[in-house]
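The structure appears right after this line, and notes come after that.
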Protein chains: 2
Amino acid sequence: MLASQVTDYPRWFQDVIAKAELAENGPVRGTMVVRPYGYGIWELLQEAMNRRIKATGASNAYFPLLIPESYLQREAEHVEGFSPELAVVTHAGGKQLEEPAVIRPTSETVIGEYLAKWIQSYRDLPLLLNQWANVVRWELRPRLFLRTTEFLWQEGHTAHVSAEDARAYATRILYDVYREVMVDVLAIPVVVGRKTRRERFAGAINTMTLEAMTGDGKALQMGTSHELGQNFARAFDISYLSREGRRELAWTTSWGSSTRMVGGLIMVHGDDNGLRVPPAVAPVQVVVLVVKDEAITAAHAIADDLTAAGVRVTVDARADQPFGRRAVNWELKGVPIRVEVGPRDLAAGTATVVRRLRDSAKSAVNLTDLTSTVGAALDADQAHLLSEATAKQSARITAVSTIDEAIEAAASGWATIPYDAVGEEGEDSLAESGITVRCLQRPDGTLPTEDNEQGLTAYVARSY
Amino acid sequence: MLASQVTDYPRWFQDVIAKAELAENGPVRGTMVVRPYGYGIWELLQEAMNRRIKATGASNAYFPLLIPESYLQREAEHVEGFSPELAVVTHAGGKQLEEPAVIRPTSETVIGEYLAKWIQSYRDLPLLLNQWANVVRWELRPRLFLRTTEFLWQEGHTAHVSAEDARAYATRILYDVYREVMVDVLAIPVVVGRKTRRERFAGAINTMTLEAMTGDGKALQMGTSHELGQNFARAFDISYLSREGRRELAWTTSWGSSTRMVGGLIMVHGDDNGLRVPPAVAPVQVVVLVVKDEAITAAHAIADDLTAAGVRVTVDARADQPFGRRAVNWELKGVPIRVEVGPRDLAAGTATVVRRLRDSAKSAVNLTDLTSTVGAALDADQAHLLSEATAKQSARITAVSTIDEAIEAAASGWATIPYDAVGEEGEDSLAESGITVRCLQRPDGTLPTEDNEQGLTAYVARSY
Ligand SMILES: [Zn+2]
Ligand SMILES: [Zn+2]
């Protein structure tokens, strides 16, 4: 049995990951083994993300895992941000290395070095790169999917002729790639905003973020897009000859999203019966469950029809094992639709359709209508997950006007508060209660473009 | 200008990689930056491989980069094979680690640990896993794509109830996945055979290989599939309860292919004008070259038609840059087809089609026939590359009967020789001349199943 969400949310999260066979701890502390079912979700998510990244004009490339230690020291603020998290290779090929190499915690520095070589003229800009890679950041309190020592991610790195162009591109990634995947594919409502100075990425002049609300009312940062200004361009000499023949520093951006999104999916959609996977990223959208052996042929025929209609289907034909236990197991795995096929249903020309994403509502469906009914249910239930999560999120956001009220509200959800009532000192007091400003928005929900804009709304919460 | 293949093949190889913008050296010795054009080839290759791997029933998963040093010591022969190549993390999170972690050189050991946990009953078998990952093996003489300290690859790891089942699966990967991708997708003829005892993978009872012939007549190992017998199962206690209720050791396999295949593609198909990319993995299958500005609209219309027909197209509209230089550059990149569009062509209702894979043969094609002509040419030229490479390979394989003749033949190509005339001592003498037995075949071209079969043919060559 799973722990219940209300009684012990962290235990529930661990249980779901273990029992749905999503992942396990690796042998080196803080690392993760992603099992086939968890990796299947990641592959579909990755595909959705990758397609949209390419649509913005970026190309994939691959930069090395190992970075000379000296590279990290070039951008002072950046090295400060990462040095406690680094894993260092000191020996290789049976010898001590002359210069230790760090395993990339992120690739701004090594990519900066190559952008400097490849960019000569304004004709070479914008240069839009992305890579899918593993990174390592030594974690003191690791947690599967949310904060692992090694994780899988995509990191984009781009260079532009102007601050405006860099900002426009970083913002396009934020909305057209990240927000769209999170909302349309993962069915996760996200609040999009600007980080405060205190919370921004080491070396950035602006960090934009997408924050999801977990089942226990905390915030989870699902992705970030950074304007790096000319900081990295200056440190790595990324410059170009302008149309007017002047040498100018480029403006760079970086942006990343990771396997942490799978953690978000679990926490936003999961319930006391286990995982619930949005159909768009479900490795198995429909399981056809054979109740008794006599139904095997019919089950395969149903599965074939669904497959032909483009649905990802599995047949569970283990009729020698208890039906109830198998059904519970598919609930646990969060497979959106179960089609149960038994001799009695077949005699009536029907099968039983169970919709996991609708509180496991059951109905008898005529076999002739099955494929179209299932297809429509998958679409409807994808939309339902999003509206359900949106409603839950709204219900747990409280508008307050003082720091004390914010602290109280953040005990069980998020607070919104005028940032003018918080400020940098207010962030310090919040931090004492383990609470941070997750992001800032203008009253109309758009993003502030300056650090000192007045009249901003702060989203305040505990976070993962 | 490129170095010529005949004059200086290693220099030619380096030049092609640099000038076609495929890759560069990374900052840590032996590492590689894969640039977008090179990575685009890898992505298409990876997709072709991944689809076929999944068709055999395997699932993708992900295991950690870092492996406790002690794991590698469990399978004695395995640790011996890899220890000089390991990169070791001794510090992380600002402290010395209690147990150093090695960066995976391959994942048999860590995956073995998890297979042992996941496999309990014969019902859990076969368990068929694959992962796409980076691995690190410290190289003394690194060379881009062929032998880099870090490379990208897929590694499959499976467990089975019997030796027969393990062998059948390892062989299926060899032929239905690897051989098919190499021949049908990369247009590279490969000789498929069994490694001698001397050349096999550390810890395997049988290593099967696919060997390509490079432009300088050497051999390049393009992929391997290993039967590991019960060696890893014994070391990691991968056992299962049989149908009869007995505890039995499983039989495991592993198999891998890597970015080295891109090196093979360059060496097998490249010529003195640069790279030649098989259409199936060409990121750009057709470049539409605008000769003069007036032709831009027509060029885009042509590109749109080709795109609609499923062709990967780029428009080169840089009419302000010398036409000749642009054409040479696309030759260098090995783009299969160039469609040149100029005002004179347009007036005649034609465009010029240049086929890179057919010695850059030119012809004027009516605009109305262009899409179908180009589509047919792509298919025909994919086939042409394969038959050309096959003919070249055959012409450079000499059948000999003594070791001295083999050494002579291997100076410029491969030799075949009865393995009974070589044996393990013969392999030692060949090694003194830098020559190895690449693989063994039966007279009918099938694979030997035992180490001691008589009447086998050995393929003998210098190699990368
Ligand atoms: Zn609901
Ligand atoms: Zn030819």
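All figures in this text were calculated on a predicted structure; none of them were measured in a lab. Proteins come first, then strands; the chains are lettered A, B, ... in the order of their sequence lines, and each starts at number 1.
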(request) Sort out for me which of A:P283, A:G38, A:P84 touches chain B most, counting heavy-atom pairs under 4.5 Å. (result) A:P84
(message) I'd like to verify something: which residue of A:R35, A:E113, A:H91, A:E85 has the highest number of heavy-atom pairs under 4.5 Å with chain B?
(response) A:R35
Flag the one option from [options] with the top tally of heavy-atom pairs under 4.5 Å to chain A.
| options | value |
| --- | --- |
| B:E21, B:K54, B:R29 | B:K54 |
| B:P36, B:G94, B:S83 | B:P36 |
| B:T259, B:V136, B:V33 | B:V33 |

(request) For B:R260, check salt bridge (Lys or Arg N to Asp or Glu O under 4.0 Å) against everything at least two apart and list the hits. (result) none
Which region of [X], side chain (C-beta onward) or backbone (N, CA, C, O), has a non-hydrogen atom less than 4.5 Å from a non-hydrogen atom of chain B, or is it both or neither?
| X | result |
| --- | --- |
| A:P27 | both |
| A:N60 | both |
| A:E43 | side chain |

(message) Is B:N50 in contact with chain A via its backbone, its side chain, both, or neither, using a 4.5 Å heavy-atom distance?
(response) side chain
Can you check whether anything in [range] gets within less than 4.5 Å of chain B, heavy-atom wise, and list it by number?
| range | answer |
| --- | --- |
| residues 117-127 of chain A | A:K117, A:W118, A:R123 |
| residues 96-110 of chain A | A:L97, A:A101, A:I103, A:R104, A:V110 |
| residues 146-156 of chain A | A:E150, A:L152 |

(request) Nearest 0.5 Å please: distance from the CD atom of B:E24 over to the CZ atom of A:F63. (result) 8.5 Å
(request) Working to the nearest 0.5 Å, report the span between OG1 of A:T31 and CG of B:L65. (result) 9.5 Å
(message) Any heavy-atom pair between the side chains of A:N134 and B:Y62 that's under 4.5 Å?
(response) yes
(request) Check whether any side-chain heavy atom of A:S59 sits under 4.5 Å from a side-chain heavy atom of B:Y39, and report yes or no. (result) no
(message) Which heavy atom of A:V28 sits nearest to which heavy atom of B:L66, and what is that distance?
(response) CG2-O, 3.6 Å
(request) Over all heavy atoms of both residues, which pair between A:G26 and B:Y114 is shortest? Give the atoms and the distance, please. (result) CA-OH, 3.2 Å
